[in-house]
There are 2 protein chains.
Amino acid sequence: MAQDMTAISDRSPTALDVYHRLKADIIRGLYAPQEKLLMSRLKARYDTGVGPLREALTRLIGERLVTGISQRGYRVAPMSISELEAIYDARAELEGLLIRLAIERGDDEWEATVLARTHTLAKVTRVQDADEMLERWDARHQALHDAMVAGCGCLPLLQSRAALFDQAQRYRHLWLRQTVFSEQALAEKQREHQALLDTILARDASAASVLMREHLMTPVPIIRERLQEQGWV
Amino acid sequence: MAQDMTAISDRSPTALDVYHRLKADIIRGLYAPQEKLLMSRLKARYDTGVGPLREALTRLIGERLVTGISQRGYRVAPMSISELEAIYDARAELEGLLIRLAIERGDDEWEATVLARTHTLAKVTRVQDADEMLERWDARHQALHDAMVAGCGCLPLLQSRAALFDQAQRYRHLWLRQTVFSEQALAEKQREHQALLDTILARDASAASVLMREHLMTPVPIIRERLQEQGWV
DNA sequence: CTCGACATAGACGTCGATATTTTTATTCAA
DNA sequence: TTGAATAAAAATATCGACGTCTATGTCGAG
């Protein structure tokens with residue numbers, strides 16, 4: 001856990017500031033799974049007191065990125081192969097449901113948006129080194145998937161989807177770097193996205209649902225391998 | 001908002017105690033939708049200070065039962081017909097997915113549990129007056145539904161289901177009392193549960209999924225009416 | 001009458017202090 | 001060497017205080 005201080009403002013950070021920073025640090029793997037989060041160290045790192053930290057941690061517990069036991073402190077939530085598989089199973093099934101609903105409920109404008117987002121993502125065929133490029137690809141990638149499911153018109157389900165995505169982020173982060181810097185992997189992803197788009201434009205809910213589930217599960221073996229390399233599980 | 005003090009223990013209530021009590025009060029409608037939750041009054045009611053209250057409220061914001069804006073306090077989350085419909089749509093679709101997965105993945109033991117829970121629920125044919133009886137019916141009702149979906153074997157999806165259930169609770173509370181004290185409504189519910197059981201034991205995922213979605217949506221018109229009677233929307 | 005400026009009261013959010021709990025280290029007995 | 005008991009150190013969770021922010025009320029100008 002490197003000392004990676006970033007200047008914020010002169011004002012004491014609010015609970016919300018702290019929440020965002022701590023969450024980002026957990027997702028990018030700054031803290032190991034199950035690492036003890038000592039208040040004394042968090043206070044120093046995030047330049048705030050116990051109160052705002054407890055709030056941030058409470059929120060992160062609700063998001064299952066942190067575990068806590070009364071009087072015994074907080075820890076980064078564990079990671080495991082079985083959890084990886086469960087979260088991805090859940091996400092695949094939910095995304096399959098959402099794409100089916102989107103096809104049933106989405107209008108022409110929705111189709112147009114999905115087409116546009118597929119196009120802009122396909123413009124990124126190489127990502128090299130720079131984290132900025134990686135973030136650009138992923139931003140477009142997420143925008144495409146968000147657009148695909150947005151046609152479902154069901155906010156509570158989209159909220160559930162977002163919660164599962166948060167839980168998957170630590171795992172997904174392990175896959176992202178490996179995939180995005182490989183032209184071959186990017187090309188494969190592009191083929192999958194095009195196939196998805198075809199089923200969507202054909203309004204073939206059944207095929208789209210199946211393809212989407214498969215698409216969502218493709219990172220799992222890669223992440224499994226990475227987890228085992230890292231010795232975290 | 002009646003003054004309804006319940007003695008706890010001599011110890012100052014923890015954030016967890018406060019969370020549970022405040023949540024229960026919100027769900028049962030002690031506070032109106034969008035009612036301002038002033039710290040001064042919460043401190044008096046729940047016999048605790050700002051810190052634990054902020055934690056409890058943070059958690060309830062995460063569960064969408066409370067809204068909060070920095071420096072402007074907390075409010076009970078609003079209720080609306082459109083939200084009612086969205087939450088129930090989400091729950092119906094998710095429950096349909098979960099019952100399909102359960103049928104695909106559930107074993108004989110799962111079937112046996114669903115059968116048993118259907119049986120114990122059917123034993124309650126009349127509920128009169130006493131809240132205790134109402135709670136008994138609903139405990140068995142929830143146990144049945146929990147058993148039905150448990151066969152899906154996907155914890156993250158069950159967690160999403162629970163989160164949606166929490167959001168539905170305020171609305172559902174409005175339906176519960178009206179339904180449970182009517183023998184006719186109980187009989188109708190029993191028929192629906194039996195039909196669901198039949199499709200489950202027949203391992204007919206498609207029929208079960210359709211029936212489950214319809215079953216989940218049956219409270220919506222009743223709740224809509226109740227909301228309009230109460231003038232909350 | 002309306003709008004803007006200003007002052008005040010009320011409320012919010014964080015801090016340092018403190019009581020309580022847990023963890024760690026040490027000692028002793030079997 | 002192991003396990004239990006004890007003390008001390010470390011850590012946790014809540015409290016009251018206080019600076020900051022927002023809501024409300026009043027006044028004056030147009």
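Because the structure is predicted, anything quoted here is derived from the model rather than measured.
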Measure from the side-chain heavy atoms of B:Gln71 and tell me the nearest of D:dC21, C:dT14, C:dA11. D:dC21

Integer-rounded Å distance: D:dA13 P and A:Leu38 CG: 12 Å

Checking side-chain polar atoms at under 3.5 Å, does A:Arg64 have a donor or acceptor matched by the opposite partner on B:Gln159? yes

Rounded to 10°, the helix from C:dC1-D:dG30 to C:dA30-D:dT1 deviates from straight, judged by its five-pair end axes, by 20°

Please check if the side chain of A:Arg117 supplies one atom and the backbone of A:Ala147 the other of a donor-acceptor pair under 3.5 Å. no

What is the distance, rounded to the nearest whole Å, between atom NZ of B:Lys43 and atom P of C:dG13? 13 Å

Of all the heavy-atom pairs spanning A:Met148 and A:Trp110, show the shortest one and how long it is. O-NE1, 3.1 Å

Go through the side-chain N and O atoms of B:Tyr19 and B:Glu63 and say whether any donor and acceptor fall under 3.5 Å apart. yes

Whole angstrom value for the distance that separates P of D:dG16 from CE of B:Met39: 15 Å

Would you say B:Arg72 reaches D:dA23's phosphate, i.e. side-chain N/O to OP1/OP2 under 4.0 Å? yes

In this structure, how many angstroms lie between the P atom of D:dG16 and the CG atom of B:Asp47, rounded? 10 Å

Do the rings of A:His141 and A:His215 sit parallel, tilted or perpendicular, given the 30° and 60° boundaries? perpendicular

Would the distance check show the side chain of A:Arg140 and the main-chain N or O of A:Lys123 forming a donor-acceptor pair, the cut-off being under 3.5 Å? no

Distance check needed: C:dG13 C1' versus B:Leu42 CG, whole Å only. 15 Å

Closest approach of A:Thr118 to A:His193 (non-hydrogen atoms, all atoms of both residues): CG2-O, 4.5 Å

Without decimals, in angstroms, what is the distance between A:Ile61 CD1 and D:dA13 P? 9 Å

For B:Glu93, salt bridge (Lys or Arg N to Asp or Glu O under 4.0 Å) partners two or more places apart: A:Arg100, A:Arg105, B:Arg213

When rounded to whole Å, the OH to P distance for the pair B:Tyr46 and D:dT14 reads 16 Å

Starting from the 5' end of DNA chain C, give me the residue, A:Lys36 or A:Ala15, whose nearest nucleotide shows up first. A:Ala15

If you round to the nearest 0.5 Å, how far is CG of B:Asp25 from CG of B:Leu65? 12.0 Å

Residues in contact with DNA chain C, drawn from residues 48-60 of chain A - heavy-atom cutoff 4.0 Å: A:Thr48, A:Gly49, A:Pro52, A:Glu55

